[in-house]
Amino acid sequence: MKRPVFSWILPLALLMVFTLAGCSAKSAATAEQFQKAAEDAGYTVEEQDSGSIVSVQTASKDESSMTFYICNTEDEAKTAVNNLKSNLPTTDNQERVDSSYYSKYSVEDEESYYSVIRMGTTVLACAVDMEEKGSCQQVASALGY
């Protein structure tokens with residue numbers, strides 16, 4: 001006996017809808033979201049002079065700091081990432097992800113953990129002691145980075 005076409009298309013369509021509903025594009029965080037995430041991790045956040053870009057916020061605790069930049073354009077954010085990366089140490093222990101909307105570069109040595117993450121027009125830069133690596137990753141995760 002032949003089953004109607006709809007008896008297998010409908011369940012397949014529903015499966016696709018439910019599966020793809022969880023797939024959404026990442027979106028860039030706001031300055032307020034960064035401030036909340038950093039404060040939740042125990043950092044003190046201050047607004048910095050932003051110069052020609054939209055916003056700069058620095059979160060600090062002891063010798064560790066994180067800076068969140070909101071740039072005017074993605075090209076400006078990419079330039080900021082390249083400038084920040086050029087100041088980081090080079091070691092064998094590094095991670096790189098690069099796409100048109102998102103990029104991440106992290107490196108660590110025996111004492112410090114550094115990461116530079118760009119999403120759209122925003123950049124999150126961390127320079128923390130190894131003890132604070134988890135806090136940096138907590139903030140990045142809270143922002144969806």
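Keep in mind that what you see is a predicted model, and the values were worked out from it rather than measured.
- The minimum heavy-atom distance linking E76 with C71 is given by the pair OE1-CB, 3.2 Å.
- Side-chain atoms of D109 come within 3.5 Å of backbone atoms of S112 as a donor-acceptor pair (strictly under, hydrogens ignored).
- Residue M66 holds its CE atom at 10.5 Å from CD1 of I117, rounded to the nearest 0.5 Å.
- With sequence neighbours left out, the salt bridge (Lys or Arg N to Asp or Glu O under 4.0 Å) criterion links K85 to no other residue.
- With sequence neighbours excluded, the residues that form a side-chain contact (heavy atoms from CB on, under 4.5 Å) with Q57 are A31, F34, Q35, V45, E47, S55.
- In this structure, CD1 on I53 lies 11.0 Å from OG1 on T122, to the nearest 0.5 angstrom.
- Formation of a donor-acceptor pair under 3.5 Å by the S141 side chain with backbone atoms of Q137 is not found in this model.
- Under a hydrophobic-cluster definition in which Ile, Leu, Val, Met, Phe, Trp and Tyr are linked whenever side-chain heavy atoms come within less than 4.5 Å, directly or via other members, Y101 and V54 are assigned to the same cluster.
- Under the side-chain contact (heavy atoms from CB on, under 4.5 Å) criterion, T67 pairs with V56, T58, Y69, sequence neighbours left out.
- By the salt bridge (Lys or Arg N to Asp or Glu O under 4.0 Å) test, E108 is found to be paired with K133, residues two or more places apart in sequence or in another chain being considered.
- In the displayed structure, E39 atom CD is contacted under 6.0 Å by more than 12 heavy atoms of other residues, nucleotides or ligands.
- In terms of heavy-atom proximity, K61 sits nearest to G42 at CD-O, 3.3 Å.
- Annotation for A80 and V123: closest pair CB-CG2, 4.4 Å, computed over non-hydrogen atoms.
- Two residues are said to be in side-chain contact when any heavy atoms from C-beta on lie closer than 4.5 Å; N83 and N87 fail this criterion.
- The number of heavy atoms from other shown groups lying within 6.0 Å of CG (D62) does not exceed 12.
- Qualifying side-chain contact (heavy atoms from CB on, under 4.5 Å) partners for A41, counting only residues two or more places apart in sequence or in other chains: Y43, S135, Q138, V139.
- Remark: K78 NZ to S100 OG distance equals 6.5 Å, nearest 0.5 Å.
- For the pair S106/Y113, a side-chain contact is recorded, criterion being any heavy-atom separation below 4.5 Å from C-beta on.
- Between the side chain of R96 and the backbone N or O of K104 there is no donor-acceptor pair closer than 3.5 Å.
- With rounding to the nearest 0.5 Å, the separation of CD in E132 from SG in C126 is 10.5 Å.
- Between atom SG of residue C136 and atom OH of residue Y145 there is a gap of 12.5 Å, rounded to the nearest 0.5 Å.
- Hydrophobic clustering places M119 together with V97 (ILVMFWY residues linked when any side-chain heavy atoms are closer than 4.5 Å, directly or through intermediates).
- Residues D98 and S103 approach most closely at OD1-CB, 3.3 Å, considering heavy atoms.
- Taking OG1 from T30 and CZ from F68, the interatomic distance works out to 7.0 Å, rounded to the nearest 0.5 Å.
- Among all heavy-atom pairs drawn from L143 and A37, the shortest one is CD2-CB, 4.3 Å.
- L124 and I70 fall within a single hydrophobic cluster, where Ile, Leu, Val, Met, Phe, Trp and Tyr are joined by side-chain heavy atoms under 4.5 Å apart, directly or via other members.
- Under the salt bridge (Lys or Arg N to Asp or Glu O under 4.0 Å) criterion, D40 pairs with K36, not counting sequence neighbours.
- Across L88 and L84, no two heavy atoms sit closer than the pair CG-O, 3.5 Å.
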